[in-house]
Amino acid sequence: MALPRFFVSNENATGYLEGHEVEVRADSATLHHAYRVLRIRPGERIEIVSRDVWDAYEAKVIALSDDHLIVSVLKHLSVRGSRIPFDLIWGWAKQGKNDVIVRQATEIGCERLIPVIFDRCVVKAKGASGIKRMERLNTIIESAAAQSHRWSIPTLEPIQTFGEMIGTLETYDAVIVAWEEKSEPMLSQVVDEVLQGEPERIALVIGPEGGIERDEIDTLVEHGALLASMGPSILRVETACIAGCAVLADRIQTVQGHEDLSQDTGL
């Protein structure tokens, strides 16, 4: 059974040595969840991940309450992750849908999450309400990262305009746009072709609830984006985001697994 995992401050990161007792600094919500919800008690083992440094350790709880945590460090854990990170860029949706998107994209393995206001976005996040929504999404992301035993917490970028997103796309080796008006090739085929070029970072673009306008598609293609189909069904934005991320994660893991096998066997 996997041990509970918590993301903690990196303030004492240099003191996380095997056999050392360390006072771990974490926010009150994390400590409350550990003590009151999971009911972790002294003597139990947990995993802690130092923020920003992203080093992970197995530790035994010495003392725990709503305001402090002292552990004995048992061992450093080897960090495992995808060699090819992928990010999700999606059309900003209604609040509940955004919650689902960031939670499940985090669980699947997405590294960066970028919400965008397309022409057909139903909701336009503005002012204080937009800030509160982003704060809520960050909380969901951290919870999902801990629950799914991620080695780091995905980054949630501020909401971008379509023009800002086009500038962001310049930082990627490959950009794939899932478009409902595209019948072929399938997303998995496009991903496989992209992976042959050994990209360092991939972006998946999913349009808003109303779809992507033709002129937006033209602009994306002009900037090097590849179009892909996700089948004949018209998917909800949250379904398309999760299905698309799952395809990317699967194909990347498959390629990575083949590479690991080749290295192990000397092929």
* Distance from Leu195 atom CG to Thr254 atom OG1, nearest 0.5 Å? -> 9.5 Å
* Identify the heavy atoms of Ser148 and Ala144 that sit nearest to each other, and give their distance. => OG-O, 2.6 Å
* N-O pairing of Glu209 and Arg236 below 4.0 Å -> no
* Do Ile140 and Trp92 belong together in a cluster built from hydrophobic side chains that touch within less than 4.5 Å? -> yes
* Asked: Heavy atoms, side chains only, cut-off 4.5 Å: are Val61 and Leu69 in contact?
  -> yes
* **Cluster overlap Leu38 with Ile70, hydrophobic side-chain contacts below 4.5 Å** => no
* Establish whether Val116 and Leu169 are linked, either directly or via other cluster members, by ILVMFWY side-chain heavy-atom contacts under 4.5 Å. => yes
* **Ile46 with Leu74, same ILVMFWY side-chain cluster at under 4.5 Å** => no
* Chi angles and distances behind the side chain to side chain contact (heavy atoms under 4.5 Å, CB included) call for Gln189, Met186 -> CA-CA 5 Å; Gln189 295 175 287; Met186 294 298 294; 3.6 Å; yes
* With a 4.5 Å heavy-atom cut-off, do Asp87 and Thr155 have their side chains touching? -> no
* Asked: Which pair of heavy atoms, one from Ala146 and one from Phe7, lies closest together, and at what distance?
  -> N-CE1, 3.4 Å
* To do: Check Tyr57 against Leu77 and note the closest heavy-atom contact, atom names and distance.
  => C-CD1, 3.8 Å
* Asked: Is it true that Arg150 and Glu111 make a salt bridge, defined as a side-chain N closer than 4.0 Å to a carboxylate O?
  -> yes
* To do: Report yes or no: do His68 and Ser65 form a side-chain donor-acceptor pair below 3.5 Å?
  => yes
* CD1 on Ile101 to OG1 on Thr106, rounded to 0.5 Å -> 11.5 Å
* If you measure from CD on Glu157 to OG1 on Thr168, what distance do you get to the nearest 0.5 Å? -> 7.5 Å
* Asked: For Cys245 and Ala105, which heavy atoms make the closest approach, and how far apart are they?
  -> SG-CB, 4.2 Å
* Exam field: side chain Glu44 to backbone Arg41, donor-acceptor pair closer than 3.5 Å -> yes
* Asked: Please walk me through it: do Arg5 and Trp151 pass side chain to side chain contact (heavy atoms under 4.5 Å, CB included)?
  -> CA-CA 10 Å; Arg5 174 167 291 189; Trp151 297 92; 3.6 Å; yes
* To do: Indicate the atoms forming the closest heavy-atom contact of Trp179 with Ile212, along with that distance.
  => NE1-O, 3.6 Å
* Examine the side chains of Trp54 and Asn10 and answer whether a donor and an acceptor come within less than 3.5 Å of each other. => no
* Asked: Heavy atoms, side chains only, cut-off 4.5 Å: are Asp99 and Arg136 in contact?
  -> yes
* Asked: Is there a donor-acceptor pair under 3.5 Å between the side chain of Ser233 and the backbone N or O of Leu235?
  -> no
* Asked: Just wondering, are more than 12 heavy atoms of other shown residues or ligands nearer than 6.0 Å to CZ in Arg45?
  -> no
* With a 4.5 Å heavy-atom cut-off, do Ile40 and Leu64 have their side chains touching? -> yes
* **Test item: Ile206 and Ile89 side chains (from C-beta on) under 4.5 Å apart, heavy atoms** => no
* To do: Can you establish whether the number of heavy atoms outside Glu184 located under 6.0 Å from its atom CD is more than 12?
  => no
* To do: Run the numbers on Thr219 and Phe162 for side chain to side chain contact (heavy atoms under 4.5 Å, CB included), then give the verdict.
  => CA-CA 10 Å; Thr219 301; Phe162 182 80; 3.9 Å; yes
* To do: For a side chain to side chain contact (heavy atoms under 4.5 Å, CB included) with Val24, tell me which candidate from Thr30, Ile48, Leu31 qualifies.
  => Ile48
* To do: Report yes if some heavy atom in the side chain of Cys241 is under 4.5 Å from a heavy atom in the side chain of Leu88; otherwise report no.
  => yes
* To do: Considering only NZ, NE, NH1 and NH2 on the basic side and carboxylate oxygens on the acidic side, decide whether Asp192 and Arg251 come within less than 4.0 Å.
  => yes
* Can you check whether Val53's main-chain N or O pairs, donor with acceptor, with Ser50's side chain at less than 3.5 Å? -> no
* **Nearest non-hydrogen partners of His32 and Asp66, listed with the distance** => CA-OD1, 3.7 Å
* Asked: So does Glu21 pair up with Lys60, basic N to acidic O under 4.0 Å?
  -> no
* Is the closest side-chain heavy-atom distance between Leu113 and Ile141 below 4.5 Å? -> yes
* Asked: Do the non-hydrogen side-chain atoms of Ile217 and Val177 ever get within less than 4.5 Å of each other?
  -> yes
* Point-to-point distance, once rounded to the nearest 0.5 Å, from CD of Glu216 to CZ of Phe118 -> 6.0 Å
* Are there more than 12 heavy atoms of other residues, nucleotides or ligands under 6.0 Å from atom CD of Glu200? -> no
* To do: Evaluate the salt bridge (Lys or Arg N to Asp or Glu O under 4.0 Å) criterion for residues Glu142 and Arg51: first the C-alpha distance (whole Å), next the side-chain angles of each, then the deciding distance (0.1 Å), finally the verdict.
  => CA-CA 11 Å; Glu142 179 168 342; Arg51 293 175 181 272; 2.4 Å; yes
* Separation of Glu164 CD from Ile114 CD1 (nearest 0.5 Å) -> 11.0 Å
* Asked: Is Val71 linked to Tyr35 within one hydrophobic cluster, defined over Ile, Leu, Val, Met, Phe, Trp and Tyr using a side-chain heavy-atom separation of less than 4.5 Å?
  -> yes
* Straight-line distance of His76 NE2 to Asp55 CG, nearest 0.5 Å -> 3.5 Å
* **Salt-bridge present (Lys75, Glu18; N to O < 4.0 Å)** => no
* Stepwise, does the side chain to side chain contact (heavy atoms under 4.5 Å, CB included) test hold for Val49 with Val8? -> CA-CA 6 Å; Val49 180; Val8 301; over 6 Å; no
